[in-house]
Amino acid sequence: MDHPYKTLEIVRENTSSSVFHLILNRPSQLNALSLDSFAELPKALSSLDQNPDVSVIVLSGAGKHFCSGIDLASLSSISARASSGGDRGRSSELLRRRIGSMQAAITAVERCRKPVIAAVHGACIGGGVDLVTACDVRYCSEDAFFSVKEVDLAIVADLGTLQRLPRIVGYANAMELALTARRFSGGEAKDLGLVSRVFGSKSELDKGVTMIAEGIAAKSPLAVTGTKAVLLRSREMSVEQGLDYVATWNSGMLISDDLNEAVSAQMMKRQPRFSKL
Ligand SMILES: CC/C=C\C=C\CC(=O)SCCNC(=O)CCNC(=O)[C@H](O)C(C)(C)COP(=O)(O)OP(=O)(O)OC[C@H]1O[C@@H](n2cnc3c(N)ncnc32)[C@H](O)[C@@H]1OP(=O)(O)O
């Protein structure tokens, strides 16, 4: 099989499964996010989104750690290019566009209609936190540790952590983590609500998350993608606006083959079978 990506690998759980693994695959750089990673992430997510065989995506990292943040060499090259002389306004505008496209690479996780579940082991630092906070659900193993590291590199985190983390762990916790850049454990991440569950080891994490993903993959794809879309959109809405939005959504998509199939399966005490999306 072709491997179209330099920094990522896509692996199907098995030939009859609709769970696909998107793996950060630069283990000798601890899956640091390079310029190639930022270019490849949206392409990979878009291809998974458009592939009808895919229902759920599990995001993980190859090797010792999930992700050591932005590749420090890429960071230096970005900052060198931005300060390499010429017109300051134009350099700044170029840097703004570069940051915008890196932000879009992370936001591609949210833009993917299918649920993306993060399975974190080892380090999840800086850009790694940007990435997992854009995921729909997060799990980790006991050896996992996290750090919103940017202030230590004299950076205001700019790829989504400052916007998404407060919505997950609350404003005060996000502020404390981002200002101190301190490491926190998987256990603390669970207490904060950043991860839903801590597994005893990386192999238990892989097994457990795959089982959860298979469970979601067995449900109505219309209901699953609709739930992701409505929850994400509701973040920016009042309860009243959110209710209005979901009423419109369901008026378009509630009456489906999936509804009939789910109701018959429930009544006949059998597993439902849904067609692909
Ligand atoms: C426009 C700006 C946009 C985005 C900005 C994002 C900001 C961030 O992401 S801030 C966070 C940046 N990352 C870091 O500061 C992490 C640095 N790394 C570490 O702290 C540690 O490596 C570790 C992740 C805690 C793991 O420690 P350990 O298991 O002991 O491994 P090491 O021996 O330290 O590292 C092995 C090997 O990997 C290289 N490496 C580690 N991190 C990076 C990285 N982020 N970029 C590039 N390379 C990295 C490290 O240098 C080692 O290389 P050798 O060649 O083997 O020495």
Side-chain angles (χ1 to χ4, degrees), residues 6-8 23-42 45 59-84 88 90-110 118-135 138 140-166 168 174-189 194-195 201-202 205:
K6 284 198 243 173
T7 69
L8 301 169
I23 303 167
L24 304 175
N25 193 26
R26 300 182 76 217
S28 43
Q29 289 84 18
L30 315 182
N31 302 319
L33 301 171
S34 63
L35 297 180
D36 283 334
S37 314
F38 285 104
E40 289 180 353
L41 266 170
L45 284 158
L59 176 68
S60 64
K64 187 176 168 194
H65 296 286
F66 173 77
C67 177
S68 62
I70 193 165
D71 187 291
L72 296 173
S74 300
L75 184 59
S76 304
S77 89
I78 293 168
S79 112
R81 227 175 296 165
S83 53
S84 64
R88 190 162 161 206
R90 281 173 175 72
S91 306
S92 299
E93 200 275 335
L94 177 67
L95 182 54
R96 188 178 196 279
R97 268 190 286 137
R98 168 78 70 196
I99 295 169
S101 78
M102 293 163 86
Q103 290 173 338
I106 303 289
T107 299
V109 174
E110 281 183 357
V120 177
H121 76 291
C124 178
I125 295 183
V129 179
D130 290 310
L131 197 49
V132 299
T133 50
C135 289
R138 291 156 291 277
C140 73
S141 52
E142 231 156 50
D143 70 337
F145 58 94
F146 300 78
S147 166
V148 183
K149 185 79 178 148
E150 281 83 347
V151 282
D152 282 350
L153 295 176
I155 300 173
V156 177
D158 56 4
L159 302 185
T161 291
L162 297 186
Q163 291 67 38
R164 297 186 175 104
L165 189 64
I168 299 169
M175 183 69 93
E176 192 264 340
L177 295 171
L179 289 179
T180 62
R182 70 179 175 83
R183 272 191 195 191
F184 57 105
S185 66
E188 188 176 351
L194 178 60
V195 300
S201 65
K202 160 92 172 121
L205 172 74

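In each ligand, atom 1 is the first atom listed, and ligand 1 is the first ligand listed.
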Exercise answer, ligand 1 polar atom pairs (N/O) under 3.5 angstrom:
residue: ligand 1; atom: 9 (O); partner: I70; partner atom: N; Å: 2.8
residue: ligand 1; atom: 9 (O); partner: G127; partner atom: N; Å: 2.9
residue: ligand 1; atom: 13 (N); partner: S68; partner atom: O; Å: 2.8
residue: ligand 1; atom: 29 (O); partner: K64; partner atom: NZ; Å: 2.6
residue: ligand 1; atom: 29 (O); partner: H65; partner atom: NE2; Å: 2.8
residue: ligand 1; atom: 42 (N); partner: S68; partner atom: OG; Å: 3.2
residue: ligand 1; atom: 45 (N); partner: S68; partner atom: O; Å: 3.1
residue: ligand 1; atom: 45 (N); partner: S68; partner atom: OG; Å: 3.4
residue: ligand 1; atom: 45 (N); partner: I70; partner atom: O; Å: 2.9
residue: ligand 1; atom: 46 (N); partner: L72; partner atom: N; Å: 3.0

Handout entry: L24 side chain reached by L131 side chain, heavy atoms, under 4.5 Å
Key =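 L131 reaches L24 side chain to side chain.
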Practice task
Report the residues that fulfil salt bridge (charged side-chain N to carboxylate O under 4.0 Å, His left out) with K64, sequence neighbours left out, ordered by chain and then residue number.
Solution key: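 Partners of K64 under the salt bridge (charged side-chain N to carboxylate O under 4.0 Å, His left out) test: none.
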Practice task
Check the side chains of S74 and S77 for a donor-acceptor pair under 3.5 angstrom, ignoring hydrogens and angles.
Solution key: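 S74 and S77 do not have a side-chain donor-acceptor pair below 3.5 Å.
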Exercise for the section: For the residue pair S141 and D143, confirm or rule out a side-chain donor-acceptor distance under 3.5 Å. Expected result: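 Yes.
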Exercise for the section: Of all the heavy-atom pairs spanning D36 and T7, show the shortest one and how long it is. Expected result: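 Heavy atoms of D36 and T7 come nearest at CB-CG2, 3.6 Å.
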Exercise for the section: Provide the closest heavy-atom pair for A144 versus F146 in the form atom of the first, atom of the second, distance. Expected result: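 Of all heavy-atom pairs spanning A144 and F146, the closest is CB-CE1, 4.1 Å.
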